[in-house]
Amino acid sequence: MVHPECTPQVIELADSVASTSGILKYARECDSEEIIVGTEVGIIHRLHKENPDKKFYPASPRAICPNMKLTNLEKVLWALEDMAPRIEVPLEVAWGARRAIDKMLAVR
């Protein structure tokens, strides 16, 4: 299973091409006991935690996404304190994001 950001050659070999949530769902629902993971290696720990009966192997131990490492709690705090940088998106994108945030915050 791989992220869509992988090269076309890697995507062609994959049984599943999905977002992070799609990768987590595929791992949970597939019958395979061993899975090669073609995405940021940081997800391997969560996959093991959520699927203790399965084995996960990173396609490359060097698969580290520099963009995912740019955001940390200190930077989130600064952004909330300053309400900056300002990010503007089209209204339909904002509505979709709002629905996703509402779902994440919903009490279950």
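All values below were derived from every heavy atom in this structure, side-chain atoms included, with hydrogens, water molecules and symmetry-related copies excluded. Values in this document were obtained by computation on a predicted structure and should not be read as measured data.
- Checked by atom type and distance alone, the side chain of Ser19 pairs as donor or acceptor with a backbone atom of Gly22 at under 3.5 Å.
- Both Ile87 and Val93 are assigned to one and the same hydrophobic cluster, defined by single-linkage of ILVMFWY side chains at heavy-atom distances under 4.5 Å.
- Looking at residues two or more places apart in sequence or on another chain, you find a side-chain hydrogen bond (donor to acceptor under 3.5 Å, both in side chains) between Arg86 and Glu88.
- In this structure, Ile35 places its CD1 atom where more than 12 heavy-atom neighbours from other residues, nucleotides or ligands lie under 6.0 Å away.
- More than 12 heavy atoms of other residues, nucleotides or ligands sit less than 6.0 Å from atom CG of Asp53.
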side-chain contact (heavy atoms from CB on, under 4.5 Å) assessment of Thr7 paired with Glu12
CA-CA 9 Å; Thr7 63; Glu12 190 175 314; over 6 Å; no
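- Between the Asn51 side chain and the Lys54 main chain, no donor and acceptor come within less than 3.5 Å of each other.
- The shortest non-hydrogen separation linking Ile11 to Cys6 is CD1-O, 3.3 Å.
- Looking at heavy atoms from C-beta onward, Leu24 lies in side-chain contact with Ile43 at the 4.5 angstrom threshold.
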- Task: Could you please spell out the steps behind the side-chain contact (heavy atoms from CB on, under 4.5 Å) verdict for Phe56 and His45?
- Result: CA-CA 9 Å; Phe56 299 94; His45 174 75; over 6 Å; no
Check: What's the verdict on side-chain contact (heavy atoms from CB on, under 4.5 Å) for Val2 and Val37, showing C-alpha distance, side-chain angles and the deciding distance?
Finding: CA-CA 6 Å; Val2 301; Val37 183; over 6 Å; no
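- Between Ala27 and Leu47, the shortest heavy-atom distance links the atoms CB-CD2, 3.6 Å.
- Under the salt bridge (Lys or Arg N to Asp or Glu O under 4.0 Å) criterion, Glu50 pairs with Arg46, sequence neighbours left out.
- Once rounded to the nearest 0.5 Å, the distance linking OG1 of Thr39 with CD of Glu5 reads 7.0 Å.
- Put simply, the side chain of His48 never gets that close to the backbone of Lys55: no donor and acceptor are under 3.5 Å apart.
- The backbone N or O of Arg98 sits nowhere less than 3.5 Å from a side-chain atom of Lys103 that would complete a donor-acceptor pair.
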Review point. Would His3 and Ile23 count as a side-chain contact (heavy atoms from CB on, under 4.5 Å) if you check the C-alpha gap in whole Å, the side-chain angles of each, and the deciding distance to 0.1 Å?
Key: CA-CA 8 Å; His3 255 159; Ile23 284 175; 3.8 Å; yes
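- Atom CG of Leu73 is surrounded by 12 or fewer heavy atoms from other residues, nucleotides or ligands within 6.0 Å.
- Note that CG of Asp15 and OG of Ser32 are 7.0 Å apart. Values are rounded to the nearest 0.5 Å.
- Considering all non-hydrogen atoms of both residues, Ala18 and Pro4 come closest at O-CD, 3.3 Å.
- More than 12 heavy-atom neighbours from other residues, nucleotides or ligands sit within 6.0 angstrom of CD on Glu29.
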